[in-house]
Amino acid sequence: MAKGQERSSNQLLVPEAGQALDQLKFEMATQLGIQIPQDGYMGFIASRDNGSIGGHITRHLVQIAEQQLAGGAKLPQA
């Protein structure tokens, strides 16, 4: 786990997805031209940049869900 993440109160619903979500975060940052430090600590990145990364991740995950729903996949029950 990267420095700074241990303080997060966010809990993953599927803990096994943590590594994939981190990879997605780095991919989205790269697409936006935002350099994430090697140690993974994002405390020095502007809030606007972090928001952009989060927005792109959300759009990407919604797109994946829409494609799965269009293919007839069922959503998990909460």
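Proximity of a side-chain donor or acceptor of His60 to a complementary backbone N or O of His56 within less than 3.5 Å is not detected.
Hydrophobic clustering keeps Met28 apart from Val62 (ILVMFWY residues linked when any side-chain heavy atoms are closer than 4.5 Å, directly or through intermediates). Tracing side-chain contacts under 4.5 Å through hydrophobic residues (I, L, V, M, F, W, Y), one never reaches Val14 starting from Leu21; they form parts of separate clusters.
Of all non-hydrogen atoms in Ala29 and Ile36, the two that sit nearest each other are CB-CD1, 3.5 Å. The shortest non-hydrogen separation linking Ile45 to Pro37 is CD1-CD, 4.0 Å.
Few gaps surround CD on Gln67; more than 12 heavy atoms of other groups in view lie less than 6.0 Å from it. Counting non-hydrogen atoms of neighbouring residues, nucleotides and ligands closer than 6.0 angstrom, the CG atom of Leu13 reaches no more than 12 such neighbours.
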(message) One pair to check against side-chain contact (heavy atoms from CB on, under 4.5 Å): Met42 and Ile53. What are the steps and the verdict?
(response) CA-CA 11 Å; Met42 296 181 66; Ile53 294 168; 3.9 Å; yes
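Distance check: Gln35 CD to Phe26 CZ gives 9.5 Å after rounding to the nearest 0.5 Å. Distance check, rounded to the nearest 0.5 Å: CD1 of Ile57 to CD of Glu27 gives 9.5 Å.
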